[in-house]
Amino acid sequence: MSTLSNKRIIVGITGGIAAYKSAEIVRRLQDRGSKVQVVMTPSAEEFIRPLTLQALSGYPVHADLLDPEAEAGMGHIELARWADLLLIAPATADFIASMVHGRGNSLLSAIYLATSGMVAVAPAMNQGMWSHPATSDNMQTLRQRQVMIFGPDNGIQACGDIGEGRMQQPDVIAEQVANCFETGQLSGKKVVITAGPTREAIDPVRYISNHSSGKMGYAMATAAIEAGAQVTIISGPVALAAPDRCTVIRVISAAEMHSSAMAACADADIFIAAAAVADYRPASVAEQKIKKHTDSIELKLEKTPDIVSTVANNVKDIFVVGFAAETQDIETYARDKLQRKKLNAIIANDVSRIDVGFNSDNNEAWWITSNTSQVFSKRSKTQLARDIIDILSKQIDS
Ligand code: PMT
């Protein structure tokens, strides 16, 4: 069974009789490990009560685009950014038409317009409505926009007609959602990823470190796994659960991360250095806790080994991607690191902002190679990682 571990899915419910099956869809998606939030159109509430979906999803159900209280909490833009995938099930003929026309007149349609995540629809309607040329044209438009279409099934309908237009069964829809995350772009490749901070001991109780949470590196690992790669994460101390289906090597210091990375990269195809490795460490570590007898102390610091540069300069036939954590002149400094460390590509991000970079769930980044630069506007780290893996795999294939 394909997993949806750590995935964030919005189930959008529109007003059709198949809406009763949406509760079961929420359950099947959760069974595979995803978090699910529900957004309903006003007419969907005529078919299934929001309370049922709130109880099942564990989140308040979102319905009103103009509710000031809801917008002050998780508004339509936040919800759009939160979702890795927006699944509209059931999707009525009317809602599909509103997607085609880009109408933002309901919370669900506004989320559809605002999301950079994947979008899927599970149409459900009368067979005559499904086979109408207007619906066929609309489906064609959605396909061209990379919206995934699940079903519909053929069979007996609520109105008594027999034909195509029944929404697919919840377990079939959940399986297809899980398959959306499996791209196979890196199948057969070995990928090593560093993530999180390192800690450089001063004495047995104190250390030098930084604000890295590991979220970006772990998102890169998840996206690489979805792309079919065999992934090893070399992780500094973080409070994150490891993704399924990968090897995790836990380290504390830059020296440990360095030796683990060198060993793991020996037969790897791709190295992605997302860790915020401490650049300096105390030249010597006090054996006992340093006493506070004086008003100040001096620490002599020495440089840590540059892991990404060592891999790029010493390991043969490996594609090396660094990250650049910058606070000013982002592209210029990142390009300098790309050249100095002899990397194939670098992902630059702004770590002076609180809404992206360190510890945030979102990030904004520049993908930079010797002759290209591409900006990825603010989005979830999960989505950004997927976009980066996409561009990286195309680069490797070219
Ligand atoms: O972990 P999060 O909270 O999600 O935050 C994500 C992040 C901001 C940490 C991440 O997106 C990021 O920018 N990681 C790189 C942080 C960093 O150390 O950047 P840098 O510009 O100082 O280093 C450039 C590159 O050299 C990086 O790939 C770094 O991993 C590598 N490096 C640095 C020092 C060193 N001794 N060895 C290295 O390999």
Side-chain angles (χ1 to χ4, degrees), residues 6 192-200 208-223 233-240 242-243 251-262 264-265 270-281 301-315 318-368 376 378-385 387-388 392:
N6 301 324
V192 177
I193 298 171
T194 62
T198 65
R199 288 180 185 167
E200 311 304 326
I208 296 171
S209 192
N210 58 62
H211 298 292
S212 172
S213 62
K215 287 177 189 172
M216 192 68 242
Y218 278 52
M220 292 302 304
T222 303
I233 308 180
I234 302 171
S235 175
V238 297
L240 301 174
V251 299
I252 305 286
S253 67
E256 288 169 355
M257 189 172 272
H258 178 249
S259 55
S260 297
M262 288 310 286
C265 284
I270 299 166
F271 178 51
I272 302 172
V277 186
D279 295 308
Y280 290 91
R281 65 187 170 203
L301 302 178
E302 63 181 18
K303 264 202 157 163
T304 54
D306 192 317
I307 303 166
V308 75
S309 172
T310 316
V311 171
N313 285 285
N314 294 285
V315 181
I318 189 164
F319 191 92
V320 181
V321 182
F323 269 75
E326 307 296 347
T327 55
Q328 55 176 334
D329 296 336
I330 296 170
E331 270 198 80
T332 312
Y333 282 117
R335 204 165 271 290
D336 174 60
K337 281 177 189 165
L338 174 82
Q339 284 159 1
R340 221 168 1 97
K341 299 188 186 217
K342 296 196 169 56
L343 311 177
N344 297 101
I346 197 157
I347 299 153
N349 51 184
D350 186 342
V351 289
S352 65
R353 286 166 53 181
I354 51 163
D355 63 325
V356 293
F358 280 130
N359 207 6
S360 169
D361 286 339
N362 300 314
N363 210 354
E364 180 178 284
W366 288 255
W367 166 268
I368 300 170
F376 291 100
K378 181 173 162 182
R379 61 200 67 192
S380 71
K381 283 182 175 167
T382 310
Q383 186 56 45
L384 176 65
D387 293 335
I388 289 169
L392 187 160

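All ligand and atom numbering here is 1-based and tracks the order in the structure.
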A student checking ligand 1 against K215 at a 4.0 Å heavy-atom cut-off should list atoms 1 (O), 2 (P), 4 (O)
Salt bridge (Lys or Arg N to Asp or Glu O under 4.0 Å) filter on D279, not counting sequence neighbours, yields none
the protein heavy atom lying closest to atom 9 (C) of ligand 1 turns out to be F358 CE2, 3.6 Å
In this structure, CZ of R353 is separated from CG of N363 (nearest 0.5 Å) by 8.5 Å
**Prompt:** Considering distance alone, does some N or O of S213 sit under 3.5 Å from an N or O of ligand 1?
**Reply:** yes
Checking R340, K341, H258 against D306 for side-chain hydrogen bond (donor to acceptor under 3.5 Å, both in side chains), the one that qualifies is K341
ask   = Under 3.5 Å, N or O to N or O, is E326 touching ligand 1 that way?
value = no
Using heavy atoms and a 4.0 Å limit, tell me yes or no: is A324 in contact with ligand 1? yes
Ranked by distance from atom 25 (C) of ligand 1, the top protein heavy atom is F323 O, 3.0 Å
**OP:** Please confirm whether K381 comes under 4.0 Å of ligand 1, counting heavy atoms of the residue only.
**Re:** yes
Q.
For the CZ atom on F376, are there more than 12 heavy atoms of other groups (residues, nucleotides or ligands in this structure) within a distance under 6.0 Å?
A. yes
For V351, the atoms of ligand 1 under 4.0 Å from one of its heavy atoms are 8 (C)
Looking only at protein heavy atoms, what sits closest to atom 21 (O) of ligand 1 is K337 NZ, 2.5 Å
| Is a side-chain donor or acceptor of T198 paired with a backbone partner of A278 at a separation under 3.5 angstrom? | yes
message: Check contact between A274 and ligand 1, using heavy atoms of the residue and a distance below 4.0 angstrom.
response: yes
of all protein heavy atoms, closest to atom 37 (N) of ligand 1 is I307 N, 3.1 Å
Evaluate M216 for polar contact with ligand 1, using N/O atom pairs at a separation under 3.5 Å. yes
Ligand 1 atoms nearer than 4.0 angstrom to some heavy atom of G322 are 28 (O)
Taken to the nearest 0.5 Å, the spacing of I346 CD1 from D336 CG works out to 9.0 Å
**Request:** Go through the steps to decide whether N313 and K342 satisfy the test side-chain contact (heavy atoms from CB on, under 4.5 Å), and finish with yes or no.
**Result:** CA-CA 7 Å; N313 285 285; K342 296 196 169 56; 3.2 Å; yes
Ligand 1 to N359, heavy atom cutoff 4.0 Å, flagged ligand atoms 2 (P), 3 (O)
min-distance protein heavy atom vs atom 28 (O) of ligand 1 -> A273 O, 2.7 Å
for atom 39 (O) of ligand 1, nearest protein heavy atom and its distance come out as V308 N, 2.8 Å
Under 4.0 Å between heavy atoms, the region of T194 that gets near ligand 1 turns out to be neither
Quick one: does K303 get within less than 4.0 Å of ligand 1, heavy atoms only? no
Sorted by chain and number, sequence neighbours left out, side-chain hydrogen bond (donor to acceptor under 3.5 Å, both in side chains) with E302 holds for R281
Quick note on ligand 1: atoms under 4.0 Å from a heavy atom of G214 include exactly 1 (O), 2 (P), 3 (O)
Residue, atom and distance of the protein heavy atom nearest atom 26 (O) of ligand 1 read K341 NZ, 3.0 Å
Any heavy atom of A275 under 4.0 Å from ligand 1? The part involved is backbone
Between L392 and I272, is the side-chain contact (heavy atoms from CB on, under 4.5 Å) condition met? List the steps.
CA-CA 10 Å; L392 187 160; I272 302 172; 4.1 Å; yes
Going by the 4.0 angstrom heavy-atom rule, the piece of D306 near ligand 1 is both
Practice prompt. Start with the C-alpha distance between I388 and M220, add both sets of side-chain angles, then the distance that settles side-chain contact (heavy atoms from CB on, under 4.5 Å), and finish with yes or no.
Written response: CA-CA 8 Å; I388 289 169; M220 292 302 304; 3.7 Å; yes
Among V277, L240, V238, closest by heavy atom to atom 35 (C) of ligand 1 is V277
Query raised in the report: Is the backbone of P243 close enough, under 3.5 Å, to the side chain of T222 for a donor and an acceptor to pair up by distance?
Result: no
Exercise for review: Could you tell me whether ligand 1 has any atom less than 4.0 Å away from a heavy atom of G357?
Suggested key: yes
In ligand 1, the atoms that come under 4.0 Å of a heavy atom of T304 are 36 (N)
Problem set entry | E200 side chain to A254 backbone, donor-acceptor under 3.5 Å | yes
The answer for which part of D279 has a heavy atom under 4.0 Å from ligand 1 is side chain
Are any side-chain N or O atoms of K381 and backbone N or O atoms of G357, one a donor and one an acceptor, separated by less than 3.5 Å? yes
P305-ligand 1 polar pair, N/O distance under 3.5 Å = yes
Could you give me the CA-CA distance, side-chain angles and deciding distance for N349 and V356, then say whether side-chain contact (heavy atoms from CB on, under 4.5 Å) is met? CA-CA 8 Å; N349 51 184; V356 293; over 6 Å; no
Has the side chain of Q383 got a donor or acceptor atom that lies under 3.5 Å from a matching backbone atom of S380?
no
Distance col, row I193:CD1 vs Y218:OH, nearest 0.5 angstrom, shows 10.5 Å
Looking only at protein heavy atoms, what sits closest to atom 11 (O) of ligand 1 is N349 OD1, 2.5 Å
